[in-house]
Structures are given as C-alpha cells and as structure tokens.
Amino acid sequence: MNPEFWFTEKYSETCGFTFKVKEVLQTKTSKFQRLDILDTYDFGRVMLLDGLVMLTEKDEFVYHEMITNVPLFAHPNPKDVLVIGGGDGGTVRELSKHTYLNSITEVEIDDIVVKGAKEFMMFVGCGYDNKKVNLIIGDGIEFVKDKKSAYDVIIVDSTDPFGPAEGLFSGEFYSNVKNALRENGFVVAQAENPYYDTKWMMRSVNNMRKAFENSVECYLAYIPTYPSGMWNFAIGYKGVKPSKSFDSGRYNKLGLKLKYYNEKIHRACFALPEFVKELLDKNV
Ligand code: SAM
C-alpha cells in the first residue's frame, strides 16, 4: 500500500497550507530553482517553485484574468505587451484572447518552467500555441534596461522576491520599466499579500510609487491557494487612473468568456480594506 503523501507550504514558522498529493509528475532543478509538478485531489495539477505554490488547476484563472484584463481594459489602446516571468503560460493564454494586440513578448528566465507547463499543464501551457507570442529565455531585469517607449502594458508575473526575482521588486527595475512604457502605459505586478511577510507587499508598492511619482493603485483578488487567499496587485500608470478607466466598447466587442473578471470586478477590485490601506501607506 502506498503511504499517504501530504504537502505543506510554510507561510511562517508556525503555520502553513497542507493538501494531499495523488502523484508527483515531475521534479527538476535548474540553476535558478527547483520545480515540482504534482497531481492533487482537491486542486488538480499544481506547480511548485522552491516549495511554493505558483498555480493550481482549480484557481489559476483568478490570478491570470486579473493580472491581464485590469491593465488591458483600463488602457485606451494597447498594442504591444511585455510579460516578465510568467513561464507557466497562463498570462500569455489570457493575453491571446485580446486578438487586437500587435505583439505579446514574454521574457522568462528559466526554460524548465515553460517545458514543465507544456508537458504537464496544457491548461496554461497552451498560451504558447499563439503565434503572436514571442518567448525569450532571459533575465527580465536586463531585458528592460535599454528599452525606451516600446510597450503599452508591462506585466510582471514573477516569483516571490528571492533569488532571480529579487530585483523585479526594486526601485531601479521599476524606473527602467517606466522608461520602457509608452505614453498612457501601465505596469502591473503581483505584489504579495497583506497577512504574511507584509514587508514584501509594502516594499514593492513603495518602490513602484517612487519610480512612478505616486501614480500607483493597488487592487485585490481572491485566490484560495495563495497565502491568506487575498492577493495584491500594484499597477503604475503614466496616463489615466486604472480604477477610473474601463473600455466598455472593446470589452463588449471582444465578448470574452471569463470566469472571474468583469466590468463590476474591474471597478470594485480597487476598493481596499482599511488595514490594507494602512499597511500600504507605511514607508518601509
Ligand atoms: N503566479 C505566480 C505566483 O505569484 O506564484 C508566478 C508564476 S510564474 C511561474 C513566475 C516566473 O517568474 C517563474 O517561472 C520564474 O522563473 C520567473 N522569473 C523569476 N525571476 C525572473 C527574472 N529575473 N526574469 C524573468 N523571469 C523571472
């Protein structure tokens, strides 16, 4: 009889998130990180990087719809989009639904993530089937350094601020991102959660605020398999405020069949609880 295998992601030294694993489908190590792909009873297929849940088959739609559609429908006329990270393919899958885009470029540092998603998680790996997606294996921090007014939207779909992703949360990186954006451009970044290790959320938002001269808003989405379930995104803008802008004409014309995002969510997700506002106003 097989012994039971339970996986725990530690949220702190004293608490974590535990689920039972059916099967380990792949384990690989690159010079950047360790990748595990699991099959589970409750969440379907699950991708871990260095023991942290990146996505699950059950709730990845929330994260990927929210990191893409909020900046795209807030922008008056997006044409060229850059994704940094996002090697599982979920973000480019959502971008591919925006058929009016001219180009979708993704810079992912680690090809084991892309290969793993294509082999075991085609529900996100299918993002690479779109011919418009130009995948570059490289460091996103270096990639943006010399780019000037090249993109309308930049999406930072990164791991947590450790190892190769640490610099993706820095002020210098956000300044380079600002230069890489055109007029009316947006950068959106996954920006951690307001319950565990809150300094990461506070620091990344503060660094973005410095680079964008305070033109930054935050929005929340509810993702059960991420620490605390409440996930924060930070969006820096060079033109209109994303909370006040929604292109209903383009939204209705596209007629997307989505599972989380809609016009009311676009407007409501910028409403922040008092304790979150308080944390975000602290300078760390
Ligand atoms: N949704 C996920 C989350 O928040 O848990 C993030 C998913 S995606 C798998 C994150 C990707 O960022 C990883 O594949 C990782 O290799 C990539 N990454 C980390 N640092 C990077 C860098 N400096 N340049 C490009 N990609 C990077």
Side-chain angles (χ1 to χ4, degrees), residues 2-64 66-67 83-94 106 108-128 135 137 140 155-166 168-169 189-193 195-197 200-201 204 221-233:
N2 282 334
E4 287 197 348
F5 174 24
W6 290 76
F7 169 79
T8 296
E9 176 178 334
K10 274 172 80 178
Y11 288 169
S12 73
E13 285 311 308
T14 46
C15 90
F17 171 54
T18 300
F19 51 84
K20 192 171 164 181
V21 176
K22 250 191 227 177
E23 194 185 344
V24 178
L25 299 169
Q26 183 172 65
T27 295
K28 269 193 176 173
T29 305
S30 70
K31 66 176 175 184
F32 301 109
Q33 56 212 345
R34 172 185 162 146
L35 165 79
D36 293 283
I37 299 178
L38 314 175
D39 197 13
T40 70
Y41 292 90
D42 294 271
F43 305 111
R45 297 205 166 178
V46 175
M47 179 186 283
L48 309 177
L49 285 178
D50 290 336
L52 304 177
V53 173
M54 290 294 111
L55 69 102
T56 85
E57 191 167 359
K58 186 156 185 168
D59 62 4
E60 57 80 17
F61 66 95
V62 184
Y63 178 89
H64 292 123
M66 289 300 279
I67 204 167
V83 180
I84 293 177
D88 51 75
T91 293
V92 291
R93 179 198 66 198
E94 288 308 307
E106 179 177 286
E108 161 60 55
I109 206 163
D110 197 348
D111 68 343
I112 66 166
V113 181
V114 177
K115 286 181 182 151
K118 282 186 179 172
E119 194 173 347
F120 295 103
M121 306 181 96
M122 267 310 271
F123 53 95
V124 279
C126 64
Y128 297 107
L135 171 66
I137 299 297
I155 297 176
V156 188
D157 182 3
S158 73
T159 34
D160 291 338
F162 316 106
E166 199 173 340
L168 294 174
F169 291 76
Q190 72 91 351
E192 304 296 315
N193 77 85
Y195 282 96
Y196 302 101
D197 263 344
W200 295 117
M201 179 185 84
S204 69
Y222 299 91
I223 308 172
T225 59
Y226 280 2
S228 88
M230 182 189 259
W231 208 253
N232 181 45
F233 298 85

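Because the structure is predicted, anything quoted here is derived from the model rather than measured.
The side-chain heavy atoms of Met121 and Asp88, taken from C-beta on, include no pair separated by under 4.5 Å. With contacts defined as side-chain heavy-atom distances shorter than 4.5 Å, the pair Tyr128/Val114 qualifies. Residues Phe5 and Lys20 have side chains not in contact (no heavy-atom distance under 4.5 Å, counting atoms from C-beta outward). In this structure, Met47 and Phe120 have side chains that are not in contact, with every pair of non-hydrogen atoms separated by 4.5 Å or more. Between Lys22 and Thr40, every side-chain heavy-atom pair lies at or beyond the 4.5 Å cut-off. Proximity of Thr225 to Lys58: side-chain heavy atoms (C-beta onward) are nowhere separated by under 4.5 Å. You'll find the side chain of Thr159 stays beyond 4.5 Å of the side chain of Phe32, heavy atoms only. At a threshold of 4.5 Å between non-hydrogen side-chain atoms, the residues Trp231 and Val62 do not count as touching.
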*Does the pair Tyr63 and Phe233 meet the rule for a ring-ring contact (aromatic ring centres under 6.0 Å, His included), with working shown?*
CA-CA 10 Å; Tyr63 178 89; Phe233 298 85; 5.6 Å; yes
*Before giving the answer on salt bridge (Lys or Arg N to Asp or Glu O under 4.0 Å), spell out for Glu60 and Arg93 the whole-Å C-alpha distance, their side-chain angles and the decisive distance to 0.1 Å.*
CA-CA 12 Å; Glu60 57 80 17; Arg93 179 198 66 198; 2.9 Å; yes
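Counting heavy atoms of neighbouring residues, nucleotides and ligands inside a 6.0 Å radius, atom OH of Tyr11 exceeds 12 of them.
A side-chain donor-acceptor contact under 3.5 Å links Asn232 to the backbone of Ala191. Using a distance-only test at 3.5 Å, with no hydrogens or angles considered, a donor-acceptor pair links the side chain of Asn193 to the main chain of Tyr196. Side-chain atoms of Glu192 do not come within 3.5 Å of backbone N or O of Met201 as any donor-acceptor pair.
Checked against the 6.0 Å centroid criterion, the rings of Phe43 and Phe7 do not qualify as a close aromatic pair.
Between Phe162 and Trp200, the angle of the ring planes goes over 60°, which puts this pair in the perpendicular group of the 30/60° scheme.
Here the shortest heavy-atom pairing between Gly87 and Val113 reads C-CG1, 3.7 Å. Closest approach of Glu9 to Val53, counting heavy atoms only: OE1-N, 2.8 Å. The shortest non-hydrogen separation linking Ile109 to Ile137 is O-CG2, 3.8 Å.
In this structure, Lys10 NZ and Cys15 SG are separated by 10.5 Å, a value rounded to the nearest 0.5 Å.
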